[in-house]
Amino acid sequence: MEDLLSIEGFSVKYTTSSGTVTALDNVSLDLHPNELLAIVGESGCGKSTLGLSIIGLLPPSTATVSSGSVLYKGKDLVKLDSNKIREYRGTEIAMIFQEPLTSLSPVYKVGEQIAEAIMIRELRKKGHKVHSDLMQHTYTKQTQKISRLPRLSRKIPTELKNEVIDYLKLVRIADAEQVLDRYPFELSGGMTQRVMIAMALSQEPALLVADEPTTALDVTTQAQVLKLMKELMHKVETSILLVTHDLAVASQVADRVIVMYAGEIAENADVYSLFSKPLHPYTSGLLACVPTGYKDTKELTPIAGTIPDLRNPPTGCKFAPRCPRAMDVCTTTRPHLTSQEDNRSVSCFLYE
Amino acid sequence: MTITFVLSHSLGGDPIYSWLGKAAGLHPQLAAAYAAKYHLNDPVYVQYYYYLVNLSQGNLGYSPSRNFVPVAQVISQTLPYTLQIAFFAIVMTLIVGILLGVTSARYNHTSIDNGIRAAYMAGYGSPPFFVGLVLLIIFTYHFGLLPSGGAFDPNLTPPTWITGIPMIDSLLEGNFQYFGSAIIHVILPSLALAICFFGIVTRVLRSSMLEVMHANYIRTARAKGLDEGTIFYKHGLRHALIPIVSLSSLIVTWIITGTIFVENIFSYPGMGRYVVQALNGQDYPGILGTTIVYAIVIVASNLAADILYAVVDPQVRLG
Amino acid sequence: MFKKTPESIVGFIVVVSFIVTGIIVTVFDLLGIRVTPYNPIQQNVGVALSGPSWDHLFGCDFLGRDVFSRVIASVPNDVAVSFSVVFVAIIVGALLGSLAGFKGGLLDELLMRFTDVIFSLPVLVIAMVIAVALGPGLTHMMIAMIVIWWPPYARMARGESLRVAHQNFIEAAKFAGQRTLGILFKHVLPNISITMLVYATLDVGTVILVYAGLSYLGLSVRPPLPDLGEMISNSQDYLITAPWLPIIPGIVIAVIVIGFSVLGDGIRDALEAR
C-alpha cells in the first residue's frame, strides 16, 4: 500500500544566540495508512521538532529546513508556502499537544472551539480557501447565529451542535451536552485532552500527529486516553504519529516504533520485534531503564553520560560516547540507517 | 467594595476639621448669622456631625464663590458637562489606544511600532492642560476650526431638562442643532485628555498581545488550519483585551481628574471649572462637595469596571 | 545600568541636567549668588510680553520677568518635590508593605483596606484636598503628595515579601533567632529593590506631572516665586498674544517627564535582559 507519509533525508536547524543547533539530522521514515507509529526518545532528541515540522508549525524566525522532503500523499509539504500548507492543517493532518489545558483557548467554550474546527472542514469541502476576509464573510453567511464579538452570546447553530455532541461522545465524554457549554478550565486534564482529540478528529484528518498527549496526565487517565486513541484510529480511519518519551506508552499502542537519538533515527521496527529483540545499543539501554513490574528485582541501570551538545555534535556516531559496545569506527564515521530482516532498520555499525 | 465606598466618604470628611474652622475665620462679617445657622462656633466634631447629617440629606452647604448658591445645585448644573467630556475622552482613549495597540503589536519592531511609541510617550509626558493649550492654538487660532470655549454656541437654545445631561436631552428632543454644536465643543477637551492617556492603553495592549501570541492555544488554532488574521483577532486580541478592562478603571480615574484641567483651558462649564473657582475663592464647602462627588463618580466607575471584567473573563465568572 | 538606545541616552541627559540644574541653583541660592541671567522675580515692565530673543531666551512674561530665569529657578522645586516624594514613599511603602506581607494577619488586612481606599480615590483630588486644608506652599504640597504616594510601593513590597516569606531560607533565619526587622533588611528588601527602582524612575516623572497639575491649580508656590505649573496658569490668557508664555513651561515639563519615562524604560529593558 502507498505510504501516507514519507519523510526523506529531512534535516532541521535552529539558529540560536549560542550557535546553530541541528535538531533533525537526515531523518527518513515512512508511515503507512491505518498505522500507529510511535516516535520515542529522550528530551531534546528532536521528536517534537519532527512532529511540528510536518505541518510547518516550527517557529519561522529560528527554524529552517536545511534539506530533505516530507511527502504526504505524494506531495512535498516542505516546498509549500505558508498559505498552501495551511490547507493541509486540520483537515488532512491534525495535531494535538502536550498540555491540553493551555492548548485550548480559555475564553471560548469547548463546544465553540470544536464547532470552529468543523466549520473549517466544511468551508474547505465547499472549496473556499480559508483567507481572513473570506472567512469572516462565510462565517456570517453560513452561521448567522455565531458572532465574532466577544460579548454577544454565541450559540452554535443546530446542525453543527449535533455533530459536536457526536464527536464528544466518540471520545467517550459522558455528558456531552453539558460539556459543550463548558470552558476548558472547568474540565479535568483527561477530559480536555479528549476534547482536543475530538476537535482534531472532527476535521476528518487522514493523519493525526500527537505530541506527548499523555505526558501531562496521570497514569490511569493516560491508559484510558491511549486506549481511546487506538480504538478511534480504526473507527475513523486515521493514522496516528505518536511522539512520546515514554517507552511504556509506545509499547501499549504502537504498531511500529522509531527510536530517535540526538536528532537521528537509531532504530525502526515493529513493536514486537523492537521490544523482544532490540538491535541498537541505545534501545537496549532504554529498555533496561524501564521497570518491568513486581517481578523485577534487579536495579535499574541508567545509560551513562548525557546527550551530546547539538550545536557541536561529535564526529562519528552520536551515541558512541555513551555506548557500551562502541567500536573504533563508531567514533570516526557516521552510521546510516540500514535495512534488516523483518522489515526493520537500524543505524549502527554493529549491523552494517 | 462597599467598605471602600463608606471609607471614601469618611476620608473625604477628614479635612473638614481644618476647613470648617478656616471658613469660620474667613468670613467674620458673616460669622454671626453664618455661625449660628451652621454651628460654626461649636466644637469641630459637632460641625462634622452636622455636615454628615446634611450630607445624607443632599445638602452640601452653600458656596461662597458662587454667591452662596447651594453647592448641591452648582454641582448638579456642572456635573453633566463634566460627564460629557469624560465620556468622550474615555471612548476616544480606548478606541485609539486599542487600535494603536493592535497595530503596534502586529507591526512589532518595525518603524510603525516605534512611531506609535514615540507618539504616546510625548502624549503621556505632557500635562493635560498643556496639550489642551497646544490644541487650542492649532485648531482654533490657526485654523479657526473649533471653538475655544463653552459647551455650546450661546445663541442656541439649550434643551429642556430630561435626563440632566444636555447632549442626551437634545437628542431626545430632536434639537440637533444644539447637539451638533455640543459635539463640536466637546471634541477638543476630550481629545486633549485622550492624547494624554491613550499611550497607556496602547502599551499594555501591545505587550499583552505579543505575550498572547506565544500561547499554546494559538498554536492549536494554527494547527486547526485557521488563517493568521483570524488567529490574531479572534483568538489573540480577545484574550489580550482582558487586562485592558482592569486598566480601564485606572484610566477612568485619571480622565476624570484630568477634566479639572481641560475644563479650565476650554472654559467648559463643568465641575472642574467650579473646582478651580472654589480653590481660588477659598470656597470650602464647594471644594468639599466636589471632592465627594468626584470620589463617588470614581468609585462607581471602578465598580462598573469590575463588573465588566467578570463579563469578559469567564475564569473570573466561573472559576 | 540601562540599555543604551538613542532615546534612553537622551533621557539620561535630560534627567541628569534636570538634577544638576536643581542642585546648582539651590547651592548658589544658599550662597546668595544668582545663577540665572536675570533675577526671576524682578519686574521690568518695559520688556513685558516680549518674545524670545538673544537677551531673553524664552521671552518675558506679562510683568517683564525673564521667563528663562524663571524656568531655571523653578527647577529646584520640581527636583525637591519629585525626589523627596518618591524617596519617602519608597521607604515608608517598603517598610510597611514588607512588614505587612511578612507578618500577615491584622496588620496585613488593615494595610490592604487602607491602600484600597487610597487607590480608589483619585490622586489629584486627594492631594488637592490635603493641600487646601494645609494651605498653599511647597512644603505643604510635598506633604500632601507623600501621604498619597506610598501605597503602590507598599503593595509592591507586600507582594514580594509574601512571595519570599515562606521560602526556606527565611524559615531558617527565623529559627536562628533573627529579628523580623533584620530579616526584612537582609533578605526581603534586596529582592524587591530592583522592581521598585524601575517603578520609581518612572514614578518621579509622574510626580512631576501631578505636581505641575497641582501648582497649576495654585496650590503650591505662589507668585512672584516661579513655578512651572503656576506659570502656565497665569499666562493662559496670553495664549494668543504671547503664546510662548504658557507653551514654554509646558514643553519644559513635558521634556523632563518624557526624559524620565524613557530612562525608566531603558533601565527596565536592561534589567529584563538579565
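Proximity to chain B at a heavy-atom threshold of 4.5 Å picks out nothing from residues 205-216 of chain A.
The minimum heavy-atom distance between A:Y108 and B:K234, with the atom names listed, is OH-O, 2.7 Å. Nearest heavy-atom pair, B:Y217 versus A:S105, reported as atom, atom and distance to 0.1 Å: CB-N, 3.5 Å.
Both the backbone and the side chain of A:Q113 come within contact range of chain B, with heavy atoms under 4.5 Å apart. Residue B:I218: no heavy atom, backbone or side chain, is found under 4.5 Å from chain A.
Here the rule is side-chain contact (heavy atoms from CB on, under 4.5 Å) with B:K224, and of A:R86, A:E116, A:M95 only A:E116 fits it.
Heavy-atom pairs under 4.5 Å with chain B peak, among A:I96, A:L57, A:I85, at A:L57.
Few gaps surround OH on A:Y14; more than 12 heavy atoms of other groups in view lie less than 6.0 Å from it.
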Side chains of residues 188-199 of chain B: which donor-acceptor pairs under 3.5 Å do they make with residues two or more places apart or in other chains?
from   : atom 1 : to     : atom 2 : distance (Å)
B:S190 : OG     : B:V186 : O      : 2.6

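When atom types are taken as modelled, the side chain of A:S103 and the backbone of B:T220 share no donor-acceptor pair closer than 3.5 angstrom.
For the atom pair CZ (B:R222) and CZ (A:R89), the distance works out to 7.0 Å, reported to the nearest 0.5 Å.
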